[in-house]
Amino acid sequence: MCTSFLSELMLGQHQLGTSTIVSRSSLTSPTTDTLKAALFLTSATINAATTVYAATGEVSGTGYTAGGVTVTNATAPTSTNSSPTAGVAFFTPSASITYTTVTLTTAFDTVLLYNFTQSLKAISVHTFGSQTITAGTFTLTMPANTTSTALIRLSTT
């Protein structure tokens, strides 16, 4: 998880999942922020210190658009309280992240999840084994949205 995301949550700067809160720009219409996922080369320096999306080190190739793909963001963040001193809040995008018909011949191993609506603010960085792909589909399968497996988890313990 990006360090900047933690304080931005406390400031109310991200609306993940289904929204019941009125938007920052409208007093009557609930909105959800648009999340995006961008892929980065193995040589890129993308980590928890990343604060915003920038194209430096991002993959490029046939069928890939700079900035990545829009993430399906329809699962509401959830929280549980297992004891008076322990609780967990968690969120997983509601669908796998898929890049279709792409050719990315330079090795990549990182995805940056970021908030497109809120000035490209970084949410989380995830690494995986080095990949290349030729005229194919690359899919990042999302984990179950539970306290122990969700993509983003915050704990009071």
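Owing to the predicted nature of the structure, the values given are computational and were not obtained by experimental measurement.
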Do [X] and [Y] have side chains that approach each other closer than 4.5 Å (heavy atoms only, starting at C-beta)?
X: Phe40; Y: Val59; answer: no
X: Thr110; Y: Asn47; answer: no
X: Val111; Y: Tyr99; answer: yes

Indicate the atoms forming the closest heavy-atom contact of [X] with [Y], along with that distance.
X: Ser124; Y: His126; value: OG-NE2, 2.8 Å
X: Ala150; Y: Pro143; value: C-CG, 4.1 Å
X: Ala122; Y: Leu112; value: CB-CD1, 3.9 Å

[atom2] on [Y] to [atom1] on [X], rounded to 0.5 Å:
X: Gln118; Y: Thr34; atom1: CD; atom2: OG1; result: 9.5 Å
X: Ile123; Y: Leu113; atom1: CD1; atom2: CG; result: 4.5 Å
X: Ser148; Y: Phe90; atom1: OG; atom2: CZ; result: 9.0 Å

* To do: May I have the step-by-step check of side-chain contact (heavy atoms from CB on, under 4.5 Å) for Leu120 and Asn115, ending in yes or no?
  => CA-CA 5 Å; Leu120 312 181; Asn115 192 327; over 6 Å; no
* Asked: When you measure from the centre of the six-membered ring of Phe116, is the NZ or CZ of Lys36 under 6.0 Å away and within 45° of the axis?
  ->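 Cation-pi check for Lys36 and Phe116: passes.
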* Asked: Of all residues at least two apart in sequence or in a different chain, which pass the ring pair (Phe, Tyr, Trp, His ring centres under 6.0 Å) check with Phe138?
  ->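 With sequence neighbours excluded, Phe138 shows a ring pair (Phe, Tyr, Trp, His ring centres under 6.0 Å) to Phe108, Phe128, given in chain and number order.
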* **Listed once per pair and sorted, the side chain to side chain donor-acceptor pair (under 3.5 Å) pairs that draw on residues 58-68, sequence neighbours left out** =>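 Qualifying pairs, neighbours excluded: Tyr53-Glu58, Glu58-Tyr64.
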Using side chain to side chain donor-acceptor pair (under 3.5 Å) as the criterion, list what pairs up with [X], not counting sequence neighbours.
X: Asp109; answer: none
X: Thr146; answer: Thr149
X: Thr70; answer: none

Under 3.5 Å, side-chain donor or acceptor atoms of residues 91-98 against the rest of the protein: list the pairs with distances, not counting sequence neighbours.
unit_1, atom_1, unit_2, atom_2, d
Thr92, OG1, Asn145, OD1, 3.4
Thr92, OG1, Leu151, N, 2.9
Ser94, OG, Thr72, O, 3.3
Ser94, OG, Ala74, N, 3.1

Just list the side-chain donor-acceptor pairs under 3.5 Å for residues 130-137, sequence neighbours left out, or say none.
unit_1, atom_1, unit_2, atom_2, d
Gln131, NE2, Gly129, O, 3.1

